[in-house]
K.L.:
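Could you have a look at this structure, given as C-alpha cells, before my questions?
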Amino acid sequence: MTMPHHALEIALTRPLTAAELRHAAQAWPLAANHDSTRLMALADGKTPERATHRLRKRLTVRLPIDVITTHYPDAHGHILLDVAFPPAAHTALKRNARRAGLTPERYVREALHRALAEHADRETDRLDLAVRHLLASTTPAHLLSAVGHALARPLEGPTP
C-alpha cells in the first residue's frame with residue numbers, strides 16, 4: 001500500500017542564505033520562494049499531522065521554522081497549522097486550556113477562530129466607514145459604477 005503524500009509549506013522566521021538552503025535541502029528536497037522566507041516540501045505520511053511531524057523533526061535543527069501548514073485544504077476546507085511554541089508559551093497554553101476545560105489544540109483552534117472573526121468584524125466596520133465617507137460626496141450609482149470599473153481592471157500591485 002502506498003503512503004499518501006502531503007504538500008507542506010514552511011514559513012520561516014527569517015530569509016535563508018543560499019548556504020542554509022543548500023544545507024537544508026540535503027536533508028529534504030525543498031523549493032524556495034523568491035526571497036527564501038517560505039519553502040515547499042512533499043512529505044509522505046498516513047495523515048497530514050504525521051507528515052508535518054516528520055518534516056519538522058528532520059528540519060528543525062537546520063531551519064528557523066516558524067509554522068508548517070498543509071498547502072491544500074482538506075475535504076472540509078481546513079488547513080493544518082503546525083506551530084512549535086517555546087516552552088514557556090507551551091506551558092501557559094496548556095494551563096489556559098486546562099482552565100477552559102479544553103485540549104491545547106482545541107484551545108488554540110477556538111482562539112484562532114475568535115481572532116479571525118474579530119478581524120473580519122473590524123474589516124467590515126472599516127469598509128462600512130470608507131463607503132459612507134465616499135457616499136458623502138457621490139451618489140450610490142456613481143460609487144457602484146466606480147467599484148465595478150475597479151474590479152474589472154487587472155490589479156497593478158499586491159492587495160492588502
Side-chain angles (χ1 to χ4, degrees), residues 1-127 130 147 150-160:
M1 180 174 157
T2 359
M3 188 80 62
H5 285 80
H6 305 275
L8 303 175
E9 183 170 348
I10 305 166
L12 302 170
T13 59
R14 62 172 174 75
L16 295 180
T17 65
E20 289 173 317
L21 182 57
R22 276 192 309 276
H23 180 66
Q26 291 172 352
W28 201 288
L30 300 166
N33 71 332
H34 72 283
D35 63 357
S36 296
T37 56
R38 293 188 353 229
L39 307 171
M40 289 297 300
L42 195 59
D44 61 344
K46 287 185 179 179
T47 65
E49 291 85 354
R50 286 187 180 180
T52 57
H53 178 77
R54 285 185 64 230
L55 184 67
R56 184 177 286 280
K57 188 174 178 183
R58 181 82 60 87
L59 293 178
T60 293
V61 296
R62 295 174 183 250
L63 294 173
I65 297 175
D66 190 15
V67 177
I68 300 175
T69 64
T70 48
H71 187 67
Y72 299 109
D74 64 13
H76 305 288
H78 297 148
I79 291 176
L80 176 68
L81 182 68
D82 180 282
V83 180
F85 293 106
H90 192 258
T91 300
L93 174 65
K94 287 192 317 190
R95 182 182 57 248
N96 292 342
R98 191 172 41 255
R99 284 183 188 150
L102 302 169
T103 65
E105 293 80 12
R106 179 74 184 200
Y107 182 80
V108 168
R109 184 181 311 122
E110 289 185 8
L112 185 57
H113 283 255
R114 272 193 311 277
L116 290 171
E118 289 170 9
H119 173 74
D121 288 346
R122 283 191 307 273
E123 183 67 1
T124 299
D125 291 345
R126 183 187 70 79
L127 291 172
V147 168
L151 292 175
R153 286 192 297 263
L155 294 175
E156 295 183 12
T159 56

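Just so you know, these numbers come straight off a predicted model, no measurement behind them. Positions are given from 1 along the sequence.
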K.L.:
Just how far is it from atom NE2 of His119 to atom OG1 of Thr124, taken to the nearest 0.5 Å?
P.N.:
9.0 Å

K.L.:
Under the rule for side-chain hydrogen bond (donor to acceptor under 3.5 Å, both in side chains), what residues qualify as partners of Arg14, not counting sequence neighbours?
P.N.:
Glu20

K.L.:
Got Ile65 and Thr13 here, is their nearest side-chain heavy-atom distance under 4.5 Å?
P.N.:
no

K.L.:
Kindly write out the residues that satisfy side-chain contact (heavy atoms from CB on, under 4.5 Å) with Ala19, not counting sequence neighbours, or none if the list is empty.
P.N.:
Thr17, Arg22

K.L.:
With sequence neighbours left out, write down each residue that passes side-chain contact (heavy atoms from CB on, under 4.5 Å) with Ala27, or none if nothing qualifies.
P.N.:
Arg58, Leu59, Arg62

K.L.:
Once rounded to the nearest 0.5 Å, what's the spacing between atom NE2 of His53 and atom OG1 of Thr47?
P.N.:
10.5 Å

K.L.:
How close do Leu30 and Ala25 get, counting heavy atoms only, and between which atoms?
P.N.:
CD1-N, 4.1 Å

K.L.:
Working to the nearest 0.5 angstrom, can you tell me the gap between Asp121 CG and Asp125 CG?
P.N.:
6.5 Å

K.L.:
Once side chain to side chain donor-acceptor pair (under 3.5 Å) is applied, what residue pairs with a partner in residues 34-45 remain, sequence neighbours excluded?
P.N.:
Glu9-Arg38, Asn33-Asp35, Asn33-Thr37, Asp35-Thr37, Asp44-Arg54

K.L.:
Roughly how far, to the nearest 0.5 Å, is CD1 of Ile68 from CG of Leu55?
P.N.:
4.5 Å

K.L.:
Mind checking what makes salt bridge (charged side-chain N to carboxylate O under 4.0 Å, His left out) contact with Arg126, not counting sequence neighbours?
P.N.:
Glu123

K.L.:
Roughly how far, to the nearest 0.5 Å, is NE2 of His71 from OG1 of Thr69?
P.N.:
8.0 Å

K.L.:
For a quick test of your reading: what N or O donor-acceptor pairs under 3.5 Å do the side chains of residues 75-90 make, sequence neighbours left out?
P.N.:
from	atom 1	to	atom 2	distance (Å)
Asp82	OD1	Arg56	NE	2.6
Asp82	OD1	Arg56	NH2	2.8

K.L.:
Using modelled atom types and a 3.5 Å cut-off, is there a donor and acceptor pairing between side-chain atoms of His6 and backbone atoms of Gly45?
P.N.:
yes

K.L.:
Going from CH2 on Trp28 to CG on Leu8, what distance comes out if it is rounded to the nearest 0.5 angstrom?
P.N.:
8.0 Å

K.L.:
Pairs in or reaching into residues 96-116: which pass side chain to side chain donor-acceptor pair (under 3.5 Å), with residues at least two apart or in two chains?
P.N.:
Arg106-Glu110

